[in-house]
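One structure below.
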2 protein chains.
Amino acid sequence: MVQTLLPETEGPRSKRALILAAAIESFGKDGYEHTKWAKIADEVGIGQTALYHYFESKAHCLLTIMSLELSRSLERFREVTADVTPADKALEAAIAAAYDVTPREVLQMRILQSHMDLLATPRPSEREEAERQRARGLVREIEQEWTGLLARGMKAKDFPKRDPHAMATLVLALVVSVWRWYRPGGPMTLDDVRELISGACLRLVGP
Amino acid sequence: MVQTLLPETEGPRSKRALILAAAIESFGKDGYEHTKWAKIADEVGIGQTALYHYFESKAHCLLTIMSLELSRSLERFREVTADVTPADKALEAAIAAAYDVTPREVLQMRILQSHMDLLATPRPSEREEAERQRARGLVREIEQEWTGLLARGMKAKDFPKRDPHAMATLVLALVVSVWRWYRPGGPMTLDDVRELISGACLRLVGP
DNA sequence: GCTTAACCTGAAGTGAGTTCAAATCAGGAA
DNA sequence: TTCCTGATTTGAACTCACTTCAGGTTAAGC
């Protein structure tokens, strides 16, 4: 549950993973602006100031969460689409993977979705800016992956020929738009969502 | 230029419209969190405190901008789709209207898009909460309009029969997703956008 | 010209996020 | 064991936007 949040070299008594877990929970459920940074410290059982040992700022923590989820999504996309043909099968696999997520990952996608615009403008401090650039790079890579998938499909005549980058933008928009309204326990299950979006995207890129 | 921002009964020396104009400019270009409330006061040529004569808070101003744009969008949708048949023509008209906007309205759409999640949670003060409810109501009305359009189209066999509400959500997601990346003077014109999204939506709701 | 409400202001208050200087703790070297 | 070092933590103080307060100015309309 917590191990997945251990990214680099961590001391054995590091609370970094706990902080990330608590932050994902609060940022995702109550919203980033609405959650007090001090509350995260309370939940982890440390003073507010100790947070700054792990993250340069509240925003830096947010950016880290975003990078983490982008990285995971990219890797998963590559796993499930590698060597899959025809392209419509690969597209379906990518979409299925997008909705094959844990409750925590749902929260992370919601956080990501809600704060994409943060990636547009430079950050004041060096560490934050570095994390922003990392996230931007991952976004670009993900866009390239979807574009590549569609381009391959067009070349192989699985899809009609159109601007693959524009189409990737639209497909991606549809796929991520879900996180705006999806709620666990709501009227639609993730499987319903997969079916809905899968059909929609195939029609979108189809004839 | 400014008259369109005069909503209700305004004294002749009211600076409300000027404040809204300056806020739309800054919130849209620099982002809401990133723009200092005091800077708006400077630009309008009043002290910071005078802002509170017109808006209860920075957030109240933001909510007002959102309601204003939602209201405009809804009215415009109704204008251009009234009595238009067949449904695919009405759909095209609605999409064309969505991208027939002034530069200021582009900014307002960007603001709206970036802060939709603000409408999800209650506001602390009464006036803010009232504005939030107004915005929520308008969102619901807009969703109902698109749903209605699609439902009519399905009934008339212009579109294949599917869940009209789900399809409306997807079409709307596609239409508004544009404001995340569209920039005036960028590689695509609004006319290019209209064509791209129009085609995409027709395929989405089609067979 | 006077009244009244609209409009405006400087000074002070608030609260979340952040910085600082210093203390504690745990694991490895001597 | 004892000492050393870096990781971890802390309380107190600071900053900066946003906001409130208590009262002053202005102009529209009678």
Side-chain angles (χ1 to χ4, degrees), chain A residues 2 5-23 26-27 30-65 115 118 121 123-129 131-132, chain B residues 2 5-23 26-27 30-65 115 118 121 123-129 131-132:
Chain A
V2 152
L5 296 177
L6 286 171
E8 53 237 45
T9 62
E10 292 274 323
R13 45 183 180 138
S14 170
K15 298 233 170 69
R16 192 186 138 100
L18 287 173
I19 294 170
L20 281 169
S26 286
F27 292 176
D30 309 335
Y32 170 73
E33 296 77 11
H34 200 264
T35 68
K36 292 172 200 9
W37 201 207
K39 200 198 97 196
I40 304 296
D42 280 354
E43 285 172 5
V44 176
I46 55 179
Q48 311 181 31
T49 23
L51 292 173
Y52 293 88
H53 180 69
Y54 300 100
F55 298 102
E56 200 178 23
S57 64
K58 191 185 173 192
H60 179 224
C61 178
L62 173 62
L63 285 166
T64 302
I65 291 171
H115 295 93
L118 204 70
T121 57
R123 303 263 82 211
S125 82
E126 208 171 319
R127 269 179 86 194
E128 272 185 41
E129 176 64 11
E131 199 62 57
R132 183 181 77 99
Chain B
V2 151
L5 296 176
L6 286 170
E8 52 236 47
T9 62
E10 291 276 320
R13 48 183 178 135
S14 169
K15 298 234 168 66
R16 191 185 138 99
L18 287 172
I19 294 170
L20 283 170
S26 287
F27 292 175
D30 308 333
Y32 170 73
E33 296 77 11
H34 200 266
T35 68
K36 290 168 199 16
W37 201 205
K39 201 199 94 193
I40 304 296
D42 279 353
E43 285 172 4
V44 176
I46 56 178
Q48 310 181 32
T49 20
L51 291 173
Y52 294 87
H53 180 69
Y54 299 100
F55 298 102
E56 201 178 24
S57 65
K58 191 186 174 191
H60 179 225
C61 178
L62 174 62
L63 285 166
T64 303
I65 290 171
H115 296 93
L118 204 71
T121 56
R123 303 262 81 212
S125 82
E126 208 171 319
R127 268 179 86 194
E128 273 185 42
E129 177 63 11
E131 199 63 57
R132 183 181 79 98

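In what follows, chains carry the letters A, B, and so on, assigned in the order in which the sequence lines appear, proteins first and then strands, with residues in each chain numbered from 1. As the structure is a prediction and not an experimental result, all values here were calculated from the model.
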Looking for any heavy atom pair under 4.0 Å, which part of the strands does A/Ser125 touch: base, sugar-phosphate only, or nothing?
nothing
Which whole-number value in Å describes the distance from B/His60 NE2 to D/dC18 P?
16 Å
Whole-Å gap separating P (C/dG17) and CD (A/Glu128):
13 Å
Enter the distance from A/Leu51:CG to A/Arg16:CZ here, rounded to the nearest 0.5 Å.
12.5 Å
Nearest-Å distance for atom pair CD1/C1', residues B/Ile46 and D/dT19:
15 Å
B/His53 or A/Arg13, whichever maps to the more 5' nucleotide of DNA chain C
B/His53
From CG of A/Leu51 across to C1' of C/dC20 the rounded distance in Å is 16 Å
First encountered from the 5' end of DNA chain D, between B/Lys58 and A/Tyr54
A/Tyr54
For the side chain of A/Lys36, starting at C-beta, report the closest nucleotide among C/dC25, C/dA16, C/dC7.
C/dA16
Check every strand shown and say whether B/Tyr52 touches a base, only sugar-phosphate, or nothing at a heavy-atom separation below 4.0 Å.
base
ring-ring contact (aromatic ring centres under 6.0 Å, His included) involving A/Tyr32 - partner list, sequence neighbours excluded
A/Phe27, A/His115
To the nearest Å, give me how far apart CZ (A/Phe55) and C1' (D/dT9) are.
16 Å
Establish, with yes or no, whether the OP1 or OP2 oxygen of D/dA7 is under 4.0 angstrom from a side-chain nitrogen or oxygen of A/Lys15.
no
From the candidates D/dA12, C/dC7, D/dT19, the one with an atom nearest any side-chain atom of A/Thr49 is D/dA12
Could you walk me through whether B/Glu131 and B/Arg127 pass the salt bridge (Lys or Arg N to Asp or Glu O under 4.0 Å) test, one step at a time?
CA-CA 6 Å; B/Glu131 199 63 57; B/Arg127 268 179 86 194; over 6 Å; no
Is any NZ, NE, NH1 or NH2 atom of the basic residue among B/Glu128 and B/Arg132 found under 4.0 Å from an Asp or Glu carboxylate oxygen of the other?
no
Using whole Å, report how far CG of B/Asp42 lies from P of C/dC8.
14 Å
Using whole Å, what does the distance between atom C1' of nucleotide D/dT8 and atom CD of A/Glu10 come to?
13 Å
Mind checking if B/Pro12 touches a base, just sugar-phosphate, or nothing, with heavy atoms under 4.0 Å?
sugar-phosphate
Distance (rounded to the nearest 0.5 Å) between B/Lys36 NZ and B/Asp42 CG:
12.0 Å
Starting from P on D/dT8, measure out to CG on A/Leu18 and report it in whole angstrom.
12 Å
